[in-house]
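Start at 1 with the first residue, then count along the sequence.
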Amino acid sequence: ADGNSAVNLLTRTLTFTLGGTLGVHFPAGAPTAAFTLGGLELRNDRDSLISAIYPTEDAPAADRYALRVPTAGAYTLMVYARAAKGAPSSAPTAVRYTLTAPLPDAVAAPRLTAPHSRANTTYDLSGLDETARTKLITRLEADVQGLPAYPADTYFAGKAMARDAQLMHLAKTLGRDDLATKVRNRLVPELKTWLNPAGCADSKADRCFFYDQTNHGMVGLVSTFGSDEFNDHHFHYGYFLHAAALAAMDDPGLLPELSPVATLLASDIARPTASGNFPAMRVYDVYASHSWASGTSPFADANNQESTSEAVAAWMGLRLWAETSGDQALADQAAWMQSSEADAALKYWLNFNVDDPLYAPLEYSYLPLNFGGKRDFATWFSPDPEAGLAIQVLPITPASTYLGVDRARVATNVDKALTAGTFNRTYGDLLLAYWALSGPEARKQAIELADTVPIDDGFSRSLLLAWLYALKE
């Protein structure tokens with residue numbers, strides 16, 4: 001294999017008579033002289049990930065790493081490595097092991113190396129002046145009054161309920177409990193309908209989930225974007241989990257009714273270990289540090305993912321649901337998934353190094369679609385450059401601030417995407433919200449333009465304004 005580009009894999013089958021800490025040792029000097037370590041994984045006999053270490057790209061390799069071995073049994077150690085330039089070998093060929101018992105509390109797995117992402121439930125509107133507050137409340141009143149009927153499929157229904165849950169919390173933040181109650185009175189019955197443990201057993205049910213025994217997962221009765229083929233499950237179910245979490249934060253009494261099915265949706269996309277009903281982390285690739293969206297991956301170029309921002313939102317929704325329902329272990333897992341997904345989204349979709357020769361043929365400074373075997377300036381739904389950037393931005397939530405880590409790049413990406421030179425077009429609200437991250441002047445202009453742009457069905461004008469007001473100088 002080409003040592004400068006290919007990832008090489010060394011596997012070793014190990015059997016332990018007790019649990020403890022597995023010390024993985026490499027020959028002296030090997031990690032820095034011969035190869036760069038991409039990751040270590042320990043999997044059980046069902047191929048479930050038990051513990052792992054994924055060093056950062058620029059972290060110096062060590063000659064010893066420690067992995068947690070919870071119990072006695074058979075395991076497979078997987079070593080991912082890339083050859084150093086000029087090295088004769090493309091992967092380590094010699095590995096030594098030691099097992100230390102009892103298990104030290106300090107050993108943790110997996111270890112988070114990406115910047116830690118936030119999962120705020122609503123916007124910080126402290127310090128808002130009276131004029132801005134009045135304007136925001138006026139837009140909120142109009143939004144609540146004009147809310148449309150809920151769709152019947154899992155994608156657009158989940159998206160709409162997550163929007164409404166955010167509107168409910170925004171109303172509470174602004175002291176408008178009357179508006180919060182109005183939204184709650186339509187949101188909660190819809191959530192209860194979808195998350196009814198009876199599922200689709202009732203022949204009259206249409207807004208429901210059932211368990212697919214062939215593919216071992218949850219499926220909505222009305223499919224969209226190939227969800228019945230297990231496409232985009234994290235996008236769809238992340239919206240549901242976000243909505244359920246915000247509803248249960250507002251009224252903890254909802255937890256017993258929402259938990260059974262919400263827990264199944266969480267297991268479908270992110271169960272930490274495999275069970276008889278669900279695989280481990282169905283869509284998330286721990287080595288790539290991001291998710292894949294196709295259920296069956298019927299492509300010559302392997303699997304793919306388009307909307308990294310919906311993936312980030314999915315893990316944020318999972319995190320909030322886990323915190324609300326009292327599953328701290330799952331909340332911790334969701335936190336590193338959210339953080340790693342956001343980091344990967346910036347590195348491979350939005351903020352990659354445009355001077356890298358790999359991107360020389362690319363006219364644009366962002367990529368809408370990454371496959372395992374190619375990078376493509378395209379989307380599954382529109383050829384417009386605006387769509388290609390918007391799909392990396394939606395949904396805008398209080399956790400979307402990771403998108404603005406590089407202000408100059410935000411401005412460049414928007415400049416490349418706005419082919420008509422105006423935000424007053426489809427996806428204009430999303431691109432305006434993103435552009436505001438490029439600096440105080442852009443934010444100021446975005447506030448002035450907020451009433452002029454079309455609004456995405458998962459967003460609202462008051463949520464757009466709240467986002468803009470909450471961005472601090």
Side-chain angles (χ1 to χ4, degrees), residues 118-151 156-196 207 238-259 262 313 316-317 319-326 395-401 429 433 447 450-451 455-472:
R118 298 183 299 172
N120 297 342
T121 57
T122 191
Y123 296 104
D124 177 9
L125 299 174
S126 58
L128 203 61
D129 64 50
E130 196 57 36
T131 300
R133 182 183 179 84
T134 299
K135 180 179 179 179
L136 180 54
I137 290 176
T138 300
R139 301 302 179 272
L140 177 62
E141 290 172 337
D143 286 343
V144 172
Q145 183 64 32
L147 287 172
Y150 286 116
F156 289 104
K159 195 175 177 183
M161 286 189 285
R163 173 203 64 211
D164 286 4
Q166 292 177 80
L167 285 172
M168 180 179 68
H169 277 261
L170 176 59
K172 292 177 64 177
T173 298
L174 293 170
R176 288 299 301 268
D177 291 347
D178 58 323
L179 296 177
T181 298
K182 202 167 187 176
V183 178
R184 183 187 304 111
N185 287 345
R186 69 177 243 128
L187 169 64
V188 171
E190 190 73 6
L191 266 176
K192 287 182 177 180
T193 296
W194 274 103
L195 302 183
N196 182 353
R207 289 165 160 82
Y239 284 121
F240 275 85
L241 293 169
H242 189 194
L246 294 183
M249 287 178 190
D250 176 64
D251 179 7
L254 292 171
L255 276 171
E257 196 166 353
L258 301 182
S259 286
M316 181 267 295
R319 180 178 174 182
L320 292 176
W321 170 254
E323 290 174 352
T324 305
S325 59
I396 294 293
T397 74
S400 297
T401 50
D429 57 333
I447 291 172
D451 283 337
I455 297 293
D456 182 73
D457 54 3
F459 210 18
S460 79
R461 209 167 300 280
S462 60
L463 289 174
L464 171 59
L465 267 180
W467 160 264
L468 295 173
Y469 286 144
L471 294 179
K472 305 302 181 186

J.: Please name all residues satisfying side chain to side chain contact (heavy atoms under 4.5 Å, CB included) with A142, sequence neighbours left out, ordered by chain then number.
T.: none

J.: Who passes ring pair (Phe, Tyr, Trp, His ring centres under 6.0 Å) against F156, sequence neighbours left out?
T.: F225

J.: Which atom pair, heavy atoms only, marks the closest approach of A119 to A399?
T.: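 So the two residues come closest at CA-CB, 4.4 Å.
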
J.: What distance do L463 atom CG and T397 atom OG1 have between them, rounded to the nearest 0.5 Å?
T.: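 Between atom CG of L463 and atom OG1 of T397 there are 10.0 Å.
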
J.: Nearest 0.5 angstrom please: L465 CG to D429 CG, how far?
T.: 11.5 Å

J.: Which pair of heavy atoms, one from W321 and one from L255, lies closest together, and at what distance?
T.: CH2-CD2, 3.7 Å

J.: Sequence neighbours excluded, which residues qualify as side chain to side chain contact (heavy atoms under 4.5 Å, CB included) partners of D129?
T.: T131, A132

J.: Which residues pass the side chain to side chain donor-acceptor pair (under 3.5 Å) test with K135, not counting sequence neighbours?
T.: none

J.: List the atom pairs, with distances to 0.1 Å, where a side-chain N or O of residues 187-196 and a protein N or O form a donor-acceptor pair under 3.5 Å, not counting sequence neighbours.
T.:
unit_1	atom_1	unit_2	atom_2	d
E190	OE2	R207	NE	2.7
T193	OG1	P189	O	2.9
N196	OD1	A198	N	3.0

J.: Among all residues two or more places apart in sequence or in another chain, which pass the side chain to side chain contact (heavy atoms under 4.5 Å, CB included) test with D250?
T.: M168, H169, K172, R184

J.: Just how far is it from atom CE of M249 to atom OG1 of T324, taken to the nearest 0.5 Å?
T.: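 Taking CE in M249 and OG1 in T324, the distance rounds to 3.0 Å.
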
J.: List the atom of L125, the atom of Y469, and the distance in Å for their closest heavy-atom pair.
T.: CD2-CB, 4.1 Å

J.: With S462, which residues qualify under side chain to side chain donor-acceptor pair (under 3.5 Å), at least two apart?
T.: D143, S460

J.: Quick one: salt bridge (charged side-chain N to carboxylate O under 4.0 Å, His left out) pairs with a partner in residues 159-171, sequence neighbours left out?
T.: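 Listed by first then second residue: K159-D456, K159-D457, D164-R186.
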
J.: Could you pull out the closest heavy-atom pair between A180 and A171, with the gap in Å?
T.: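 It is N-CB, 3.6 Å.
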
J.: Using side chain to side chain donor-acceptor pair (under 3.5 Å) as the criterion, list what pairs up with D251, not counting sequence neighbours.
T.: none

J.: In terms of heavy-atom contacts, does CZ of R176 have more than 12 from other residues, nucleotides or ligands at under 6.0 Å?
T.: yes

J.: Can you list everything that forms a side chain to side chain donor-acceptor pair (under 3.5 Å) with Y239? Sequence neighbours excluded, please.
T.: E310

J.: Supply the atom-to-atom distance Q166 CD to W467 CH2, rounded to the nearest 0.5 angstrom.
T.: 11.0 Å

J.: Starting at CZ of R139, measure out to CD1 of I455 and round the result to the nearest 0.5 Å.
T.: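 Rounded to the nearest 0.5 Å, the CZ-CD1 separation comes out at 11.0 Å.
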
J.: Would you name the heavy atoms of P252 and P256 that are closest together and state the gap between them?
T.: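 Nearest pair, atom of P252 first, then P256: O-CD, 4.0 Å.
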
J.: In Å, rounded to the nearest 0.5 Å, how long is the span from CG of L167 to CG of L147?
T.: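 Result: 6.0 Å between the selected atoms.
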
J.: With sequence neighbours excluded, give me every salt bridge (charged side-chain N to carboxylate O under 4.0 Å, His left out) pair touching residues 460-471.
T.: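 Sorted result for residues 460-471: empty, none.
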
J.: When you look at L174 and L136, which way does the side-chain contact (heavy atoms from CB on, under 4.5 Å) test go after all the steps?
T.: CA-CA 9 Å; L174 293 170; L136 180 54; 3.8 Å; yes

J.: Taking only residues two or more places apart in sequence or in another chain, which ones pass side chain to side chain contact (heavy atoms under 4.5 Å, CB included) with Q145?
T.: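 So Q145 forms a side chain to side chain contact (heavy atoms under 4.5 Å, CB included) with K182.
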
J.: Taking all atoms of both residues into account, what is the closest heavy-atom pair of L170 and A466, and its distance?
T.: CD1-CB, 3.9 Å

